[in-house]
Asker: 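To start, I am sharing the structure in question, which I have written as structure tokens.
Note that the structure is a prediction, hence the values are computed from the model and not measured. So you know, we letter chains A, B, ... as the sequences are listed, proteins then strands, and number each from 1.
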Amino acid sequence: MAGNQSQNNQPNKSTLEEIRANRIEKVQQIKDLGLNPYAYKWEVSHYAQLLQEKYAELPDGEEVADEVSVAGRIMARRVFGKLAFFELQDETGKIQLYLDKKKINSTMSDLTGAFNHLKKLSDTGDILGVKGTLKRTEKGELSIYVREFAILTKSLLPLPDKWHGLTDTEKRYRQRYVDLIVNPQVRNTFRIRAKITAGIRRYLEQRDFLEIESPVLQSEAGGAEARPFITYHNTLEMDLYLRIATELHLKRLIVGGFDKVFELGRIFRNEGVSTRHNPEFTMIEVYQAYADYNDMMALTEDLISSVAQEVLGTTKVTYQAEEIDLTPPWRRVTMQQIVQETTGINFAQFDNFETAKSAAKEAGIEVPEDCKTIGKLLNEAFEQKVEESLIQPTFIIDYPIEISPLAKPHRNKPGLVERFELFIVGRETANSFSELTDPLDQRERLEAQAAKKEAGDVEAHDVDEDFLAALEYGMPPTGGLGIGIDRLVMLLTDSPSIRDVIAFPLLKSQSVAVKSFDYDAEKQILKIEFNNGSIYKYLDVPESIYKELKETPSVGKYFNSHIKDKFGFDREV
RNA sequence: GGGAAUGUAACUCAAUUAGGCAGAGUAGCUGGCUUUUAACCAGCAAGUUGUGGGUUCGAUUCCCACCAUUCCCA
């Protein structure tokens with residue numbers, strides 16, 4: 001540090017740190033002028049988009065005396081000696097600011113050299129409030145002829161490249177706020193998402209459905225086959241699960257006498273991450289008493305097409321260059337029939353599994369270990385050979401009973417249940433049954449699940465006795481429906497990945513380096529402090545590990561391969 | 001869990017084929033400029049080449065491990 005700071009009295013650096021320091025210096029200069037770089041309030045009279053529309057007919061070079069006040073972020077600066085053009089972006093769009101030195105200095109005479117201060121102290125990224133009149137420049141750009149300005153928030157960090165924007169996918173997800181600033185279509189995606197969920201709620205409320213919130217923290221996860229997140233309640237000293245479905249609680253409400261209920265909310269499944277899966281995602285479940293799955297098909301069709309019409313103004317959408325027609329009615333076909341169409345195998349004809357299995361293998365279907373019934377085989381054939389070809393909205397109906405533990409047996413097809421799934425662009429988008437209301441049948445099926453859990457299936461769950469008790473009080477015939485909101489939003493916003501429709505998708509935390517470590521030989525506890533400040537105590541760590549950790553040239557590498565995931569730990573900080 | 005690709009300045013990208021001083025544009029800083037639209041002109045500054053090892057006189061480049069991301073598969 002000491003020796004080499006003599007010659008350059010003011011080195012012009014532009015690392016991120018230097019840019020930031022420079023802007024902090026500007027914050028101070030703004031304060032020194034008696035102004036607040038972090039203002040409290042700005043009275044906005046118009047949004048940019050509205051002005052663009054309202055003054056669309058204003059001819060080039062003409063002005064109008066209408067006073068407006070706008071606020072937004074400076075996205076671009078084109079500065080001349082005594083004139084400057086800024087591009088201001090608010091939530092709705094952009095508008096140019098026409099900043100004339102003479103005008104500003106005369107109307108803001110309280111602040112000497114106001115124009116030069118703006119030139120020197122503002123940067124792209126700052127939030128600026130301006131008042132002025134409207135003027136279309138000679139080059140044809142609608143502008144605000146600024147009379148008065150205020151820097152409302154000083155930005156300390158530079159925006160991404162003004163032309164290329166932010167394209168690094170990881171940064172877009174990790175720093176969504178920057179993505180939103182510079183990529184208008186991302187803002188639009190989330191605007192549409194909000195309209196979709198609002199539209200769904202409005203649709204259901206108009207039909208007398210009641211939205212009731214069920215618990216996220218549950219003592220037993222149920223209602224789906226999925227691995228749950230487990231958490232812990234300290235004062236109650238109990239494990240709790242984050243819900244994997246809202247099904248079992250919404251059905252309790254049907255038992256309680258509500259005929260039409262729904263919940264649109266967050267579901268958590270402790271599973272992998274992909275373009276179609278996020279560990280927390282949004283689902284709506286709808287239950288209607290005295291209805292069956294045929295009614296739910298009609299509801300699904302009408303709900304989705306109505307919302308598409310309302311939000312996009314059409315029921316014909318383009319998804320990844322493919323035309324999808326959501327205009328009802330949608331095709332309805334049984335699973336058995338569409339598998340037969342595609343593979344030529346009629347699974348209804350089999351009465352023994354081995355014959356069915358060899359037929360399936362002949363058709364190129366892979367038969368996994370745990371697939372031991374004709375019903376499961378049919379489902380395998382469907383998933384492997386049919387599913388991804390279902391591009392246009394299609395209801396697949398009448399599922400095997402083995403894979404549908406909460407659905408009512410089909411009224412006239414033995415071995416099947418009254419269930420449908422909706423497929424659009426090859427993806428499961430909705431799932432629905434005539435709900436099982438027979439408490440004894442339900443008990444048997446849940447106990448079979450519990451046996452699977454006992455045998456080590458992490459996606460199976462214990463019997464929810466309270467739910468069964470509810471059923472024993474008697475649940476009316478009920479149609480139930482679940483729709484994956486994220487997938488629906490993907491479809492309606494033409495988004496290829498679920499992460500594009502989730503504002504803050506889950507990403508792995510960037511690994512942190514080991515800062516220091518310490519070993520308690522008596523208790524065999526290895527305490528590790530990481531660079532991010534967290535401290536972990538690894539338990540029952542043999543001394544040899546500690547010694548090797550001390551010796552190793554790369555602590556991080558040794559930690560990853562020999563300690564992390566190998567020992568139990570308590571997190572201290 | 002397996003495979004492929006990627007990671008270089010704050011942002012967008014070169015240089016890696018066959019190891020030889022890491023280079024542009026944008027953003028930034030200084031100066032100039034009253035009609036710009038990715039403004040322009042002159043100058044300046046800006047790098048732990050994801051991390052840690054190895055090979056080598058010399059590594060962004062070759063090898064190994066690890067981290068993260070993207071896509072595909074399970």
Asker: For C71(B), give its Watson-Crick or G-U wobble partner with both distances under 3.5 Å, or none.
Answerer: G3(B)
Asker: Any side-chain N or O of Arg174(A) under 4.0 Å from OP1/OP2 of U69(B)?
Answerer: yes
Asker: Rounding to an integer number of angstrom, what distance separates C44(B) and U48(B) when you compare their P atoms?
Answerer: 22 Å
Asker: Find the distance Lys82(A):NZ to U34(B):P and express it as a whole number of Å.
Answerer: 5 Å
Asker: Which whole-number value in Å describes the distance from Lys102(A) NZ to U35(B) C1'?
Answerer: 15 Å
Asker: Any strand is fair game: report the nucleotide pairing with U30(B) by Watson-Crick or G-U wobble, both distances under 3.5 Å, or none.
Answerer: A42(B)
Asker: Give me the distance, rounded to whole Å, that separates U35(B) from A42(B) when you measure between the C1' atoms they each carry.
Answerer: 22 Å
Asker: Under a 4.0 Å threshold between the charged nitrogen and the carboxylate oxygen, would Glu91(A) count as salt-bridged to Arg191(A)?
Answerer: yes
Asker: Could you work out the separation of C66(B) and U30(B) based on their P atoms and round it to a whole Å?
Answerer: 48 Å
Asker: Given the P atoms of C73(B) and U49(B), what is the spacing between them in whole Å?
Answerer: 36 Å
Asker: Name the pairing partner of U51(B), where a pair is Watson-Crick or G-U wobble with both distances under 3.5 Å, or state none.
Answerer: A65(B)
Asker: Could you tell me how far apart Gln175(A) (CD) and A68(B) (P) are, to the nearest whole angstrom?
Answerer: 18 Å
Asker: Across the strands shown, which category fits Ser274(A) at heavy-atom distances under 4.0 angstrom: base, sugar-phosphate, nothing?
Answerer: nothing
Asker: Between the base of U69(B) and the side chain of Tyr173(A), is there any donor-acceptor pair under 3.5 Å?
Answerer: no
Asker: With a 6.0 Å cut-off on the ring centroids, do Tyr98(A) and Phe85(A) count as close?
Answerer: yes
Asker: Starting from C1' on C11(B), measure out to CG on Asp123(A) and report it in whole angstrom.
Answerer: 15 Å
Asker: At 4.0 Å (heavy atoms only), tell me whether Thr137(A) reaches a base, stays on the sugar-phosphate, or touches nothing.
Answerer: base
Asker: A27(B), U69(B), U26(B): which one has an atom nearest the side-chain heavy atoms of Asp161(A)?
Answerer: U26(B)
Asker: Under 4.0 angstrom, heavy atoms only, what part of the nucleic acid is Leu157(A) near: base, sugar-phosphate, or nothing?
Answerer: nothing
Asker: Check Asp123(A) with Arg77(A), please: is the shortest side-chain N to carboxylate O separation under 4.0 Å?
Answerer: no
Asker: Tell me whether the centres of the aromatic rings in Phe149(A) and Phe86(A) are closer together than 6.0 Å.
Answerer: no
Asker: Return the nearest nucleotide to the side chain of Asn22(A); candidates are G25(B), C29(B), U69(B).
Answerer: C29(B)
Asker: For the side chain of Lys162(A), starting at C-beta, report the closest nucleotide among U12(B), A38(B), U35(B).
Answerer: A38(B)
Asker: Any strand is fair game: report the nucleotide pairing with G25(B) by Watson-Crick or G-U wobble, both distances under 3.5 Å, or none.
Answerer: C11(B)
Asker: Between Thr169(A) and C71(B), does any side-chain N or O lie under 4.0 Å from OP1 or OP2?
Answerer: no
Asker: In whole angstrom, give the distance that lies between atom CZ of Phe80(A) and atom P of U35(B).
Answerer: 6 Å
Asker: For Val182(A), report the nucleic acid contact type (base, sugar-phosphate, nothing); a contact means any heavy atom under 4.0 Å.
Answerer: nothing
Asker: Would you say the side chains of Asp168(A) and Tyr173(A) form a donor-acceptor pair under 3.5 Å?
Answerer: no
Asker: Can you measure Gln96(A) atom CD to A39(B) atom P for me and round it to whole angstrom units?
Answerer: 10 Å
Asker: For U17(B) versus U6(B), give the span between their P atoms, rounded off to a whole number of Å.
Answerer: 14 Å
Asker: What distance, rounded to whole Å, do you find between the two P atoms, one in A10(B) and one in G54(B)?
Answerer: 27 Å
Asker: Going by an N to O cut-off under 4.0 Å, is there a salt bridge joining Glu87(A) and Arg78(A)?
Answerer: yes
Asker: Output the single nucleotide from U37(B), A27(B), A39(B) whose closest atom is nearest the side chain of Glu141(A).
Answerer: U37(B)
Asker: Tell me which nucleotide among U69(B), A27(B), C11(B) gets nearest to the side chain of Lys171(A).
Answerer: C11(B)
Asker: Side chains of Asn22(A) and Glu18(A): any donor to acceptor distance under 3.5 Å?
Answerer: no
Asker: Are any of Thr15(A)'s side-chain N or O atoms less than 4.0 Å away from OP1 or OP2 of A9(B)?
Answerer: no
Asker: What is the base-pairing partner of A18(B), counting Watson-Crick and G-U wobble geometry with both distances under 3.5 Å?
Answerer: none
Asker: Calculate the interatomic distance between Met75(A) atom CE and U37(B) atom P; express it in whole Å.
Answerer: 18 Å
Asker: When you compare G53(B) with A15(B), how far apart are their P atoms, in angstrom units rounded to a whole number?
Answerer: 28 Å
Asker: Please measure how far the C1' atom in U16(B) lies from the corresponding atom in G28(B), and state the result in whole Å.
Answerer: 29 Å
Asker: Return whichever of His164(A) or Leu506(A) has its heavy-atom-nearest nucleotide of RNA chain B closer to the 5' end.
Answerer: His164(A)
Asker: Check every strand shown and say whether Gly272(A) touches a base, only sugar-phosphate, or nothing at a heavy-atom separation below 4.0 Å.
Answerer: nothing
Asker: In this structure, how many angstroms lie between the C1' atom of C29(B) and the NZ atom of Lys120(A), rounded?
Answerer: 10 Å
Asker: Looking at every strand, decide which applies to Asp168(A) at a 4.0 Å heavy-atom threshold: base, sugar-phosphate, or nothing.
Answerer: sugar-phosphate
Asker: Report the residue (Val273(A) or Trp163(A)) whose heavy-atom-nearest nucleotide on RNA chain B is the more 5′ of the two.
Answerer: Trp163(A)
Asker: Strictly below 4.0 Å: does Lys26(A) bring a side-chain N or O up to OP1 or OP2 of C29(B)?
Answerer: yes
Asker: I'd like to know whether OH of Tyr55(A) has more than 12 heavy-atom contacts from other residues, nucleotides or ligands below 6.0 angstrom.
Answerer: yes
Asker: Which nucleotide in the list U34(B), A27(B), U12(B) gets nearest to the side chain of Pro158(A)?
Answerer: A27(B)
